[in-house]
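Structure, as structure tokens:
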Amino acid sequence: MTYPFSAVVGLDDLKLALVLNAVSPRVGGVLVRGEKGTAKSTIVRALAAQLPAVDVLAGCRFACDPLLPDPQCPDGPHEPGEQVVTRSASLVELPVGASEDRLVGSLDLERALTEGVKAFEPGLLAAAHRGVLYVDEVNLLHDHLVDLLLDAAALGTCYVEREAVSVRHAARFLLVGTMNPEEGELRPQLLDRFGLTVEVRASRDPAERAEVVRRRMAHDADPDGFAAGWTAQEAALAEGIAAARERLASVELPDARLRQIAEVCAAFEVDGLRADLVTAHAAVAHAAWRGSPVVTTEDVRVAARLSLPHRRRRDPFDAPGLDEQLLEDLLDRTSGDESPDDENPDDDGPGGSRDPDGADGADGPDDPRGAEGSEGPEGSDGSDGSGGGDGSGDRRGADAVGSGGEEAPSRDRPSRDRTSRPEASQEAASGEGGGEVAGVAAPYRVPWLKVPGLGDGASGRRSRARTPHGRTTGARVPEGPLRSLHLTATIAAAAPYQRERGRTGPGLLVRGEDLREAVKEGREGNLVLFVVDASGSMAARRRMTTVKTAVMSLLLDAYQRRDKVGLVTFRGAAAEVALPPTSSVEAGAARLRALPTGGRTPLAAGLARAAEVLRVERLRDPDRRPLLVVVTDGRATSGGDVGRAAALLTGTAAVVVDCESGPVRLGLAGRLAARLRAHLVPLDGMDDLIRDYRKAG
């Protein structure tokens, strides 16, 4: 039994964003960002149950509308008078490990070649047509799948073009993606394709948290009885969505409000015009939801708060956000031509002053202020119930890379939050163990560091690898289902046996054993493990600012190349894992900024800890090849035998960034590089090596 949408406590912005998309699919979907255990999955699944039922043609695998069937439907053409069935709106979940064929559909190549049958198996996009497509952990989905998914959502059509066969069908759906920013961010280009975004966090109010637990336990004890108690609220929500859909086409968007939207988007320096379109559609949907015949400044305000935070121009390590005061100033300055009737619309209509749960502000059986359930006993969305984890719940503060929050932009122009500031080198703060925390200057381009050889890891942009996408380099007998046909090799394999098979006509007789699949080469993402010397010798002459800037630049490079990153630091008497391997490069940058310095130099301990991290990660993800980046001046004043520790890393691709400076140099980092069989890169002048790396290929 699905947890009732109206019974979820709080999360008002998320409820509203989902409802606006249900009212108008043109809004473009919702991206839900938040910590684990915050009912993200629960509320998405609950919404699907409230969508109006749809009429479909019986026997059509693509859910064609009887009133307007898709003329390009692969199951068509549909004739008038075909049987019509009514069913609930579909909820389709796209798993993180899905293949391209599972998403868009696939052709049965064996039947096509051996039987001459053009057989097409629909994918998840076809199943989601006129329903909801839900992608949990969308930030972990392969980039090419996200591209396909968002293209289909934007165009309303799924295209399958392969092996000289073209299939296309309608694919219009409400797209909802959820993600935990701790596990990595989406590319800015992909963020922009989601219409709205909402950031959710667990409430810090004990009374509200207690209400969440109370309702969840009541649901687990008696799901049917619990749902029955919310029947009235759920019915009101469904009726409200259906009524708003009917009003949508008649809602007027005045020119004044359209200019207001354009001015707000321009002032926040968003790229392109998608933000303007999404904000306009969301404002119209909000007016329809309220029952207003005309869009007002309040509708624009609500739409902008949901459509702009993830689109504002920012550096890769900055968290999405919006300066609320600037938004208010812009709206106040541009709303002077709004009539009093527009500013205070009649709320007595069918959608007037409606809460996102559709209950018109009425209280439900257990004070339905709205609220937060969970999908299982472990946590509210299937997590382990650990809540905010390591205190990363407030993404606007501690987890946002920077000095602890966003700086308010000026009224005339919103500021661009910078990952680092040139003047940061002058900053110092008290760190743990009496160490100092050096600042970070502006990052710069770094050499293209690569793992030698050919890997089989996850798609990325760093090292050479065999991947499903890339240039074709050969052919092989398929080990499983045929995914990518190598036509020339297949013909070459079948040609010598045509007489034996009794060929008499012009056609080529092909059997299953003749099939060959293409071997493709692209690029993979690696595990880049940084081992950073944070001892007192590194802090001398404020060298740590230069070191942190170099590592930040390497982190930025890892972000762009889709790597996982980890951070090991050593100082004093031991080494520690400051950041376990993760896809969240932003988390690595945050830990780097807070890294204190001082004490002795346990270099051997740092190398040994790095070897242990790589050993464990190799068991978890054996296909992802590591790249070790050791940032040190090579001094070792405590912590054991460096040679023995270096031997633990034999066979690992490594780079040593030599931080030694001054007129007299001991060359200790060079000796370490020789032990690790690593490439030595001087900290000063890393830019000078870019050309050499690119020539080396």
Evaluation steps, side chain to side chain contact (heavy atoms under 4.5 Å, CB included), between Tyr3 and Phe226: CA-CA 9 Å; Tyr3 195 92; Phe226 183 82; 3.7 Å; yes
Sidechain-backbone polar pair: Glu263 side chain, Leu330 backbone, donor-acceptor under 3.5 Å: no
Any Val294 side-chain heavy atom under 4.5 Å of Pro254 side chain: yes
Beyond-backbone contact of Lys40 with Met179, side-chain heavy atoms, under 4.5 angstrom: no
Residues which pass side-chain contact (heavy atoms from CB on, under 4.5 Å) with Ala275, listed by chain and number, not counting sequence neighbours: Cys265, Val270, Leu308, Arg311
ring-ring contact (aromatic ring centres under 6.0 Å, His included) involving Phe62 - partner list, sequence neighbours excluded: His169
Gln260 side-chain N/O to Val300 backbone N/O, donor-acceptor pair under 3.5 Å: no
Note: Arg215-Glu211 ion pair, threshold 4.0 Å (strictly below): yes
Ser24 side chain vs Asn21 backbone, donor-acceptor pair below 3.5 Å: no
Side chain to side chain contact (heavy atoms under 4.5 Å, CB included) between Val132 and Leu51, worked out: CA-CA 9 Å; Val132 179; Leu51 297 180; 3.3 Å; yes
Arg247 side chain vs Ala288 backbone, donor-acceptor pair below 3.5 Å: yes
Qualifying side-chain hydrogen bond (donor to acceptor under 3.5 Å, both in side chains) pairs, either residue in residues 275-288, two or more places apart: Thr279-Ser307, His286-Asp299
Side-chain touch Leu327/Arg305, heavy atoms, less than 4.5 angstrom: yes
Audit row: Arg87, Val56, side chain to side chain contact (heavy atoms under 4.5 Å, CB included) steps and yes/no: CA-CA 8 Å; Arg87 62 167 175 80; Val56 298; 3.9 Å; yes
Side-chain (Asp75) to main-chain (Cys60) donor-acceptor, under 3.5 angstrom: no
Residue pair Val84 / Leu57, side-chain heavy-atom distance below 4.5 Å: yes
Donor-acceptor under 3.5 Å (Arg172 side chain, Ala170 main chain): no
Given Leu175, Val278, Val30, the one that forms side-chain contact (heavy atoms from CB on, under 4.5 Å) with Phe194: Leu175
N/O donor-acceptor pair under 3.5 Å between Thr197 side chain and His310 backbone: no
Residue among Val295, Leu20, Val23 satisfying side-chain contact (heavy atoms from CB on, under 4.5 Å) with Val284: Val295
side-chain contact (heavy atoms from CB on, under 4.5 Å), paired with Val198, selected from Leu14, Leu11, Thr178: Leu14
Arg245, CZ atom: more than 12 neighbouring heavy atoms under 6.0 Å: yes
Ion pair Glu298/Arg290, N-O distance below 4.0 Å: no
4.5 Å side-chain heavy-atom contact, Pro25 and Leu174: no
Derivation and outcome, side chain to side chain contact (heavy atoms under 4.5 Å, CB included), residues Val19 and Trp289: CA-CA 8 Å; Val19 166; Trp289 173 246; 3.7 Å; yes
